[in-house]
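What follows is a set of notes on a single structure, which appears directly below.
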2 protein chains.
Amino acid sequence: MSSSRPARLTTRQSRPAGIPDATVARLPVYLRALTTLAEDGVATVSSEELAAAAGVGSAKLRKDLSHLGSYGTRGVGYDVEYLLYQISRELGLTQDWRVVIVGVGNLGHALANYGGFASRGFTVVALLDADDALIGEQVAGLAVRSIDELESVVAGGVHIGVVATPAAAAQGVCDRLVAAGITSVLNFAPCVLDVPADVMVRKVDLSTELQILAFHEQRRAVTEFGEALDVTTGPDPVAPGLTELAR
Amino acid sequence: MSSSRPARLTTRQSRPAGIPDATVARLPVYLRALTTLAEDGVATVSSEELAAAAGVGSAKLRKDLSHLGSYGTRGVGYDVEYLLYQISRELGLTQDWRVVIVGVGNLGHALANYGGFASRGFTVVALLDADDALIGEQVAGLAVRSIDELESVVAGGVHIGVVATPAAAAQGVCDRLVAAGITSVLNFAPCVLDVPADVMVRKVDLSTELQILAFHEQRRAVTEFGEALDVTTGPDPVAPGLTELAR
DNA sequence: TAGATTGTTAATCGATTAACAATC
DNA sequence: TAGATTGTTAATCGATTAACAATC
């Protein structure tokens with residue numbers, strides 16, 4: 001198999017610059033599945049097996065991988081470690097990414113202690129908070145520093161800013177991160193962050209996820225009862241506390 | 001405006017059963033923007049203004065809202081409180097959703113203390129953990145209980161299970177939740193959960209988000225330097241610790 | 001009526017899926 | 001060679017977007 005692996009002679013034309021967003025979003029899932037397989041000592045995996053481990057269809061998996069290059073072997077499958085490396089490289093995980101966490105409340109604590117950070121090429125270089133009472137406290141091996149140091153910390157080299165402040169403080173913190181040169185922000189605050197077009201923001205939002213689950217639970221209830229309860233045409237089902245919103 | 005608001009006489013035909021997934025995922029964002037507007041005392045908002053507050057285009061906003069019904073007034077805009085109520089109702093937030101959190105580590109703590117839970121119709125009814133040392137500890141006004149009580153807690157009425165355990169324990173916990181009758185799961189553990197087709201799982205994954213940011217940061221670097229560094233054709237840029245993976 | 005803004009249409013775009021030729 | 005599985009094609013599906021008729 002080693003001898004038949006395609007030589008890495010791919011030209012720029014052969015791999016189009018743009019990997020679809022939907023594919024990029026799934027690469028971390030494949031990476032995780034491959035890591036588990038590698039730990040279990042599995043050397044080779046078929047698209048069918050890997051897809052099952054990642055929770056997607058095999059056609060989608062093969063299509064996704066085809067955007068990276070031809071890293072499989074027909075009739076055999078994919079070499080687990082080789083594919084692991086190729087996806088890591090594609091995601092930029094073969095280099096170290098320096099992260100600053102702003103806001104060391106419950107969530108900031110959890111993030112700082114999250115094991116997945118260090119294991120995959122992400123290094124938390126500083127924890128910042130506006131609360132003087134927290135400053136100096138040791139969290140995950142780092143002393144919490146003042147938000148006043150944001151600019152100097154970023155100047156020292158930071159790639160990604162994590163916003164874990166209350167919503168009211170988030171935009172201000174984000175503005176300072178961006179002004180200091182940060183171009184990638186992970187936002188845990190429950191608000192929309194306004195940034196220049198060249199800054200990428202990703203958002204993790206607990207209540208959004210819960211609300212989406214609630215929507216589907218509700219829909220399930222309606223369907224199960226054969227739409228006996230017609231929320232569209234019936235009187236408004238008004239919950240306590242929402243009465244004043246109904247007309 | 002009150003008098004010109006369309007009467008709620010919509011028939012089943014007029015609102016197709018299925019609201020697109022992409023739309024459902026954005027409704028919580030609109031809800032949040034509307035809540036802020038309502039707090040600021042704004043009575044009416046145009047699609048242009050609301051879209052800006054939510055960080056989307058106005059055409060997309062109007063298209064999304066059109067799936068719920070005709071809740072706006074041409075030439076005027078949307079009544080903030082009325083639209084707030086309609087979206088809340090659509091998402092199922094006019095009823096109370098009972099949530100159990102399994103795993104009271106750093107993240108479980110953060111989730112339990114998260115204010116957004118209670119404010120939007122979600123009630124945490126129990127915190128469960130497998131660690132005896134934690135049992136009885138007060139977190140966010142609740143005593144942590146043993147994982148052994150999972151089945152009895154769910155039997156007492158729970159709609160949504162939140163998995164905040166280590167990855168190794170997640171599938172087992174999920175199986176027990178599902179066996180006990182839970183059909184909506186929010187998974188914070190870094191693994192894929194295997195569930196029956198009728199169970200809905202949503203996943204929140206910090207390292208996935210970081211990896212997506214890393215991908216774009218890396219791409220940015222390549223683009224900025226005019227592809228002087230060609231990662232496709234050049235020798236593999238091997239980072240320490242990944243050497244053994246490269247061929 | 002004139003101005004403003006919605007709700008809808010139709011075109012475009014991107015993602016998914018199944019089938020299968022290529023090939024190990 | 002025969003069996004297995006990839007990588008790609010083409011069809012389908014769903015989401016986005018701009019433009020504008022409807023209408024307040």
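Chain A is the first sequence line, chain B the second, and so forth, proteins listed ahead of strands; every chain is numbered from 1.
- In summary, the side chains of B:Ser47 and B:Arg62 do present a donor paired with an acceptor at a separation below 3.5 Å, with no hydrogens or angles considered.
- Within 4.0 Å of B:Ala59, counting heavy atoms only, lies at least one base atom of the nucleic acid.
- The distance between atom OH of B:Tyr78 and atom P of C:dA4, rounded to the nearest whole Å, is 18 Å.
- Look at OH on B:Tyr71: it is 17 Å from P on D:dC24, rounded to the nearest Å.
- The CG-C1' distance, from A:Asp21 to C:dC13, rounds to 13 Å in whole Å.
- In this structure, the side chain of B:Thr35 engages the main chain of B:Leu31 through a donor-acceptor pair within 3.5 Å.
- If you check distances only, the side chain of B:Arg74 does reach the base of C:dT6 with a donor-acceptor pair under 3.5 Å.
- Nucleotide D:dA15 is matched to C:dT12 when pairs are restricted to Watson-Crick or G-U wobble geometry with both distances under 3.5 angstrom.
- Residue B:Gln171 places its CD atom among more than 12 non-hydrogen atoms of other residues, nucleotides or ligands, all under 6.0 Å distant.
- Distance, B:Glu48 CD to D:dA18 C1': 12 Å, rounded to whole Å.
- Nearest heavy atom pair, residue B:Val80 against residue B:Leu34, reads CG1-O, 3.6 Å.
- Listed nucleotides: C:dT16, D:dT6, D:dT16. Nearest to the side chain of A:Lys60: C:dT16.
- Here the nucleotide nearest the side chain of A:Ser47, chosen from C:dT8, D:dG7, D:dT6, is D:dT6.
- Atom NZ of A:Lys63 is separated from atom P of D:dT5 by 21 Å (rounded to the nearest Å).
- Going from atom CG of B:Leu65 over to atom P of D:dT16 covers 14 Å, rounded to whole Å.
- Listed nucleotides: D:dG7, C:dA15, C:dG7. Nearest to the side chain of A:Ser70: D:dG7.
- Both A:Gly57 and A:Gly75 lie near DNA chain C, and the one whose nearest nucleotide falls closer to the 5' end is A:Gly57.
- For the pair A:Ser184 and A:Val199, the minimum side-chain heavy-atom distance is 4.5 Å or more.
- In this structure, CD1 of A:Ile19 is placed 15 Å from C1' of C:dA15, rounded to the nearest angstrom.
- Taking a pair to require two hydrogen-bonding distances under 3.5 Å in either a Watson-Crick or a G-U wobble arrangement, D:dT23 pairs with C:dA4.
- Whole-Å rounding puts the B:Arg62 CZ to D:dT17 P distance at 13 Å.
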